[in-house]
**Q** 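Take this structure, written in structure tokens, and hold onto it; I'll ask about it next.
As the structure is a computational prediction, the values presented were derived from the model and not from experiment. To find a chain, count down the sequence lines: A is the first, B the second, and so on, and within it residues start at 1.
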Number of protein chains: 2
Amino acid sequence: MQRTSLTKNPCPVARALDSIGDWWSLLIIRDAFDGVRRFGDFQRSLGVAKNILTARLRRLVADGILALEASSDGTPYQEYVLTAKGEDLFPVIVALRQWGEAHFYRKNERHSVLVDRHDNKRVQKIQVLSSNGKLLSPSETLVKKPSALE
Amino acid sequence: MQRTSLTKNPCPVARALDSIGDWWSLLIIRDAFDGVRRFGDFQRSLGVAKNILTARLRRLVADGILALEASSDGTPYQEYVLTAKGEDLFPVIVALRQWGEAHFYRKNERHSVLVDRHDNKRVQKIQVLSSNGKLLSPSETLVKKPSALE
DNA sequence: CCGTATCCATTCCGATACTG
DNA sequence: CAGTATCGGAATGGATACGG
């Protein structure tokens, strides 16, 4: 039996995970944000088997997250670049990164950080804000079903 | 051969995904944010096989994302609740939700939304901000390796 | 250099039956 | 109700060999 598809699931989180909820896709996307564009570079960076990488890249292209482009340098190969839809995953990656930084490193263990290119300062912690700009904790929010909207 | 563990990976995103980068874990956590606490409720909500659910819940407890508590009502069973580490995933879930809303629904298709409990208004779009509060696009940021920090 | 094809082991997943 | 046990099929993952 096949894995249940979530593309028809009513929840936006489920539909999102249907595209990128596997072990490798978000790592590929993270690399793409870091400027990786070539098959071999993804492969070396991730240490993933080539056939798996092929399948994942194809899926991401089919889902409109990556696109194939002619190479920027002279080489006759194509490159994988983020589409607008893919770029919209930036907050997801940053949130994951900050969660990882907070909970998976020992006190004296250092890790890379995300900085503003212009002033070299660390990016702010990503937050959930109300319409008037106040920080919201999970318990102060509520998921409202479409049927319950006016 | 086993899947390569990412717990020693230098990248915070990779370490995070080692805990929650599979198909079900983030959906379980989403449910937990929505107040689901009992085994059977997770099972019905997700439609996942019970043995898989068992394995995932165990992993999340072992990783300190969920904890087992005595039930709040009178029943003699235990409940799965988010730890502080688990609650810190809130921005990740919200970012995923907003990305899903933006890209996986047709024009007239409605979906649930996340609102502020106090005023019933929609939560702001999650953003990556510089230290002085300006919105940053992916290309305006840079990942700095620990070796390159002063 | 960029993939594709194939092989094999492991894991994942769903369904169902079962226990306390 | 909350799991455990087991089964079979599918997908995943790693390695390697091959082709344009």
**Q** State which of D/dA15, D/dG20, D/dA2 makes the closest approach to the side chain of A/Tyr77.
**A** D/dG20
**Q** Rounded to the nearest 0.5 Å, what separation is found between the CZ atom of B/Arg59 and the OG atom of B/Ser19?
**A** 5.0 Å
**Q** Any ion pair linking B/Lys85 and B/Asp88 (charged N to carboxylate O, less than 4.0 Å)?
**A**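 So B/Asp88 does not pair with B/Lys85 through a salt bridge.
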**Q** Does a nitrogen or oxygen in the side chain of B/Thr4 sit under 4.0 Å from OP1 or OP2 of D/dG14?
**A** yes
**Q** Return the value, rounded to whole Å, for the distance between atom CD of A/Gln43 and atom P of D/dG14.
**A** 10 Å
**Q** With nearest nucleotide decided by heavy atoms, which residue, B/Gly40 or A/Val48, maps closer to the 5′ end of DNA chain D?
**A** B/Gly40
**Q** Mapping A/Leu68 and A/Trp23 onto DNA chain C by nearest heavy atom, which one lands closer to the 5' end?
**A** A/Leu68
**Q** Considering only heavy atoms and no angle criterion, is a donor-acceptor pair shorter than 3.5 Å present between the side chain of A/Asn51 and the base of C/dG3?
**A**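 Looking at the base of C/dG3, it does not pair with any donor or acceptor on the side chain of A/Asn51 (distance under 3.5 Å).
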**Q** Quick one: is B/Arg38 getting a side-chain N or O under 4.0 Å of the D/dA2 phosphate, OP1 or OP2?
**A**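 Indeed, a polar side-chain atom of B/Arg38 lies that close.
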**Q** Just the rounded figure in Å: distance from C1' of D/dT12 to CH2 of A/Trp24.
**A**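 My rounded result for the distance is 11 Å.
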**Q** With a 4.0 Å cutoff (strictly under), does any side-chain N or O of A/Tyr80 reach OP1 or OP2 of C/dC2?
**A** no
**Q** Can you see whether A/Tyr105 has B/Arg15 sitting over its ring - NZ or CZ less than 6.0 Å from the centre and within 45° of the normal?
**A**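 Judged by the rule (NZ or CZ under 6.0 Å from the ring centre, within 45° of its axis), B/Arg15 counts as positioned above A/Tyr105.
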**Q** Can you list the residues that meet the ring-ring contact (aromatic ring centres under 6.0 Å, His included) rule with B/Phe90, with sequence neighbours excluded?
**A**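 Per chain and number, B/Phe90 pairs via ring-ring contact (aromatic ring centres under 6.0 Å, His included) with B/Phe33.
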**Q** Can you pull out the residues from residues 52-65 of chain A that lie within a 4.0 Å heavy-atom distance of DNA chain D?
**A** A/Ile52, A/Arg56
**Q** Does B/Arg110 pair with B/Glu101 as a salt bridge, N-O distance under 4.0 Å?
**A** no
**Q** Given pairs defined as Watson-Crick or G-U wobble with both distances under 3.5 Å, what dot-bracket annotation applies to DNA chain D, with ( ) intrastrand, [ ] crossing, | other strand and . unpaired?
**A** ||||||||||||||||||.|
**Q** In terms of the angle between their ring planes, are A/Phe104 and A/Trp99 parallel, tilted or perpendicular, with boundaries placed at 30° and 60°?
**A**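 Ring orientation, 0 to 90° scale: perpendicular.
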**Q** In plain terms, say whether A/Arg37 and A/Asp41 are close enough for a salt bridge, that is, a side-chain N and a carboxylate O under 4.0 Å apart.
**A** no
**Q** Over 60° means perpendicular and under 30° means parallel, so classify the ring planes of A/Tyr80 and A/Phe42, tilted if in between.
**A** perpendicular
**Q** Is there a side-chain contact between B/Arg97 and B/Leu114, using heavy atoms and a 4.5 Å cut-off?
**A**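 Yes, close enough: below the 4.5 Å cut-off.
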**Q** Rounded to whole angstroms, how far apart are CZ on A/Phe42 and P on D/dG13?
**A**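 The distance from CZ of A/Phe42 to P of D/dG13 comes to 17 Å, rounded to the nearest Å.
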**Q** Tell me: CD of B/Glu69 to P of D/dA2, nearest whole Å?
**A**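 Rounded to whole Å, this separation is 15 Å.
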